[in-house]
Colleague: 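This is the structure, below, for whatever I ask next.
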Amino acid sequence: MSVNNMGFEVAYNMQTAVDAKNHLIVAVDVINNPADQGQLYPMAEQAKQELETTEIIVLADKGYYTGECLKNCEENEIIAIVSKQNPPSTTEGQIGTALF
């Protein structure tokens, strides 16, 4: 993964899913991509299988927001609650301008 000093370090991004009732880790994955995007559905599906349930509700931060993962969740009875990412600002330096 890239680091602040314009170099690279061997590093990994660990994903976990935790059971809300017992606060136990029910799913885990380690990837070498620094971004969480694309990990929502695989982790939710793994947790669903481990918990042996047909329906599951998952809560994740906006770093997990992708249309493809949300679509996969919906198709597989996984209710995903994820904050939508803010688009990059194209009005930098312009006060009072709003895009709709």
Side-chain angles (χ1 to χ4, degrees):
M1 291 186 196
S2 63
V3 292
N4 290 340
N5 64 359
M6 309 249 284
F8 290 89
E9 287 193 21
V10 176
Y12 300 95
N13 185 352
M14 184 172 179
Q15 306 289 317
T16 60
V18 178
D19 173 354
K21 181 180 177 184
N22 299 305
H23 308 286
L24 296 173
I25 295 173
V26 294
V28 64
D29 193 16
V30 179
I31 60 174
N32 61 358
N33 184 341
D36 294 329
Q37 288 181 333
Q39 296 300 309
L40 176 68
Y41 175 70
M43 291 304 300
E45 183 62 30
Q46 184 181 350
K48 183 178 165 186
Q49 289 176 7
E50 289 296 324
L51 293 170
E52 298 178 347
T53 185
T54 57
E55 186 179 280
I56 191 170
I57 299 172
V58 297
L59 175 65
D61 66 47
K62 67 183 179 181
Y64 289 86
Y65 188 93
T66 63
E68 184 179 347
C69 280
L70 293 172
K71 180 182 174 203
N72 289 338
C73 285
E74 185 176 346
E75 290 172 351
N76 291 284
E77 298 183 47
I78 298 170
I79 300 169
I81 302 169
V82 187
S83 179
K84 188 174 182 180
Q85 291 186 354
N86 297 326
S89 175
T90 58
T91 60
E92 187 173 314
Q94 297 178 5
I95 298 174
T97 304
L99 299 174
F100 297 98

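In what follows, every heavy atom counts, from backbone to side chain, and hydrogens, waters and symmetry copies are set aside.
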Colleague: Report, one line per pair, each donor and acceptor closer than 3.5 Å where one atom sits in a side chain of residues 40-53; sequence neighbours left out.
Modeller:
unit_1 : atom_1 : unit_2 : atom_2 : d
Tyr41  : OH     : Asn76  : ND2    : 3.2
Glu45  : OE2    : Gln49  : NE2    : 3.2
Gln46  : NE2    : Val28  : O      : 3.4
Lys48  : NZ     : Thr54  : O      : 3.3
Lys48  : NZ     : Asn76  : O      : 2.5
Thr53  : OG1    : Glu55  : O      : 3.1

Colleague: State which residues pass side chain to side chain contact (heavy atoms under 4.5 Å, CB included) with Asn22; sequence neighbours excluded, sorted by chain then number.
Modeller: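 If we apply the side chain to side chain contact (heavy atoms under 4.5 Å, CB included) test to Asn22, skipping adjacent residues, the hits are Asp19, Leu24.
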Colleague: Mind jotting down which residue pairs meet the salt bridge (Lys or Arg N to Asp or Glu O under 4.0 Å) criterion with at least one end in residues 62-74? Sequence neighbours excluded, please.
Modeller: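 Qualifying pairs, neighbours excluded: Lys71-Glu75.
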Colleague: List the residues meeting side-chain hydrogen bond (donor to acceptor under 3.5 Å, both in side chains) with Gln15, not counting sequence neighbours, and say none if there are none.
Modeller: Asn13, Asp36, Tyr64
Colleague: Would you compute the distance between atom SG of Cys69 and atom CD of Gln37 and round it to the nearest 0.5 angstrom?
Modeller: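 CD of Gln37 is found 9.0 Å from SG of Cys69.
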Colleague: CG/Leu59 to CD1/Ile79 distance, rounded to the nearest 0.5 angstrom?
Modeller: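 CD1 of Ile79 is found 12.5 Å from CG of Leu59.
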Colleague: Let me confirm one number: the CG-OG1 distance from Asp29 to Thr16, rounded to the nearest 0.5 Å.
Modeller: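 Rounded to the nearest 0.5 Å, the CG-OG1 separation comes out at 10.5 Å.
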